[in-house]
Number of protein chains: 2
Amino acid sequence: MNASLAVSTVIFALRSSGRFGGDEGERALWLPLVRRIREPYDGMWALPGGPLGDDEGLAESATATLERTTGLAPRYLEQLYAFGDPHRSGDTAPGEETGRAVGRVVSVVYWALVGEEEARAARVGQNVRWFRAEELPRLAFDHNLIVEYALWRLRNKVEYSRIASAFLGDTFTLAQLREVHEAVRGQVLDPANFRRQVEATGALVDTGEVLTGVRHRPPRLYRYNTTVDLADQGPLGRAAQQ
Amino acid sequence: MNASLAVSTVIFALRSSGRFGGDEGERALWLPLVRRIREPYDGMWALPGGPLGDDEGLAESATATLERTTGLAPRYLEQLYAFGDPHRSGDTAPGEETGRAVGRVVSVVYWALVGEEEARAARVGQNVRWFRAEELPRLAFDHNLIVEYALWRLRNKVEYSRIASAFLGDTFTLAQLREVHEAVRGQVLDPANFRRQVEATGALVDTGEVLTGVRHRPPRLYRYNTTVDLADQGPLGRAAQQ
DNA sequence: CCAAAAGTGTTCCAATTACACCCATGA
DNA sequence: TCATGGGTGTAATTGGAACACTTTTGG
């Protein structure tokens with residue numbers, strides 16, 4: 001019989017390493033992993049996922065995994081890649097990846113972004129733990145490679161699309177948006193030039209409100225033009241396809 | 001049971017509409033399709049593909065399909081997307097896509113580029129026909145959408161990678177490379193600026209030879225630096241992964 | 001008034017564009 | 001020698017990077 005199909009999801013959140021309630025602190029990318037409770041790779045950490053349901057779409061399955069693992073809904077979701085190498089389990093013995101199927105598994109992997117606010121209150125299940133994306137232990141299967149690839153895609157895409165706003169709330173200041181870019185891209189950006197660049201895209205909408213309570217000049221609050229997709233997916237975005 | 005898995009391939013070739021042997025003529029993108037001989041969509045044209053073999057990698061399966069359909073080997077091959085919507089057959093009745101499996105099918109689709117020279121001599125099988133990529137009939141399943149998406153990816157990628165050379169032989173003149181870009185991107189490019197841009201990448205190697213027999217100044221023949229991949233796939237390219 | 005970040009202005013540099021012009025070959 | 005595309009030169013324009021400077025708040 002054919003290989004069996006699983007859907008896994010790389011879930012990214014931006015978290016301040018500082019205490020709760022504090023607006024400040026070093027922001028870094030985190031992601032939730034689940035501990036395996038069967039062979040192969042028993043006891044190791046792995047990406048959340050599961051077998052594809054009989055009448056379930058691929059993106060739908062990724063969303064369900066996200067909800068099951070964190071209780072959250074994605075602010076951005078995109079297919080990453082399909083991994084199907086016959087020996088990707090790294091083991092010569094046939095392994096099960098989903099906890100149910102046996103034998104060869106092809107994984108369609110998605111990556112998701114969740115909001116910073118929601119991520120603070122994310123449910124933490126029994127065998128779920130959040131890790132810094134840059135400091136992962138050795139994961140089950142080829143999941144280290146998958147996370148690396150997802151990080152690469154995220155970092156590329158944040159430069160030429162609007163997905164950075166997925167980490168933020170509906171309204172945000174330009175400094176907040178810039179800090180997301182800085183955290184993901186790993187470099188400091190000139191506030192003046194950053195402002196002009198995002199303003200030049202024409203996608204920013206001035207809400208007319210300002211953020212008060214800060215001990216300096218109150219920054220304006222912006223919103224993104226929601227009639228436009230966060231990222232151009234070409235024909236896939238224009239169709240109702242996913 | 002789970003959905004079954006198929007691998008399909010969008011195969012692009014660049015063809016002159018002129019006669020054989022003539023170097024000139026309007027170049028356009030063509031692709032081979034196969035005629036379905038079963039329900040659903042019996043008699044309609046579809047992308048070549050087939051079920052994933054038991055011990056076969058995904059890219060390996062795409063390469064095998066390419067060989068079976070055209071007798072050619074890909075000069076460039078990349079995974080496009082996994083399509084798995086439960087109702088992508090467009091039919092409420094359960095359909096078979098591969099000619100063997102029954103029920104729901106998830107297709108991992110690849111796209112490939114083959115050389116212009118090889119494509120002229122491509123084997124044309126019983127139920128295989130080449131079509132201009134811009135003038136396709138209504139295809140089986142969601143294959144029109146898939147081809148549209150593949151075209152979009154090709155046109156994007158040709159601008160920031162070296163995949164255009166996959167349509168050409170080992171050595172080529174800058175005019176030939178420019179004509180490939182013009183055909184794919186659908187716009188004329190300034191020869192002088194095009195030359196400087198590709199030279200600036202440092203990937204061009206002057207072979208020292210020239211192309212003779214033309215009734216004007218003989219152009220130099222170049223080669224691409226083959227130690228570099230045609231396109232940066234990030235961690236996927238660096239690993240032995242496919 | 002002072003510190004701090006918001007926001008604006010200006011200069012410099014690199015890349016792209018447009019286009020003029022010379023070069024080398026076949027007919 | 002002429003037509004044709006190969007190849008080089010150069011000025012104009014654009015866009016980004018760097019950084020000085022003004023504005024507006026809380027303390």
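Convention: sequence-line order gives letters A, B, ...; per-chain numbering from 1.
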Please determine if [X] and [Y] form a salt bridge, counting it only when a charged side-chain N lies under 4.0 Å from a carboxylate O.
X: A:Glu134; Y: A:Arg155; result: yes
X: B:Arg220; Y: B:Asp206; result: yes
X: A:Arg75; Y: A:Glu118; result: yes

Rounded interatomic separation in angstrom, taking [atom1] from [X] and [atom2] from [N]:
X: B:Glu182; N: D:dG5; atom1: CD; atom2: P; answer: 12 Å
X: A:Phe194; N: C:dT8; atom1: CZ; atom2: P; answer: 15 Å
X: A:Glu159; N: D:dG16; atom1: CD; atom2: C1'; answer: 13 Å
X: A:Glu179; N: C:dA5; atom1: CD; atom2: C1'; answer: 11 Å
X: B:Gln176; N: D:dG6; atom1: CD; atom2: C1'; answer: 13 Å
X: A:Leu189; N: C:dA5; atom1: CG; atom2: C1'; answer: 16 Å
X: B:Leu211; N: D:dG5; atom1: CG; atom2: C1'; answer: 12 Å

### Query
Quick one: salt bridge (Lys or Arg N to Asp or Glu O under 4.0 Å) partners of B:Glu78, sequence neighbours excluded?
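Partners of B:Glu78 by the salt bridge (Lys or Arg N to Asp or Glu O under 4.0 Å) criterion, ordered by chain and then number, come out as B:Arg153, B:Lys157.
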### Query
With sequence neighbours left out, what residues match B:Arg195 under salt bridge (Lys or Arg N to Asp or Glu O under 4.0 Å)?
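Once residues adjacent in sequence are excluded, the partners of B:Arg195 under the salt bridge (Lys or Arg N to Asp or Glu O under 4.0 Å) criterion are B:Glu199.
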### Query
Which residue, B:Arg215 or B:Val210, contacts DNA chain D at a nucleotide closer to its 5' end, judged by nearest heavy atom?
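Per heavy-atom nearest nucleotide, the more 5' residue is B:Arg215.
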### A:Asn144 to A:Pro137 - nearest heavy-atom pair and separation
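Heavy atoms only, the tightest pair is OD1-O, 3.2 Å.
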### Whichever of B:Gly213 and A:Arg178 has its nearest DNA chain C nucleotide further upstream toward 5'
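Nearest-nucleotide comparison on DNA chain C picks A:Arg178.
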### Query
Considering only side-chain heavy atoms of A:Arg220, which listed nucleotide, C:dG7, D:dT25, D:dG6, is closest?
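Side chain of A:Arg220 sits closest to C:dG7.
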## Note on the structure
Nucleotide by nucleotide, nucleotides 10-22 of chain C touches protein heavy atoms under 4.0 Å in the pattern (B base, S sugar-phosphate only, - none) B------BBB---
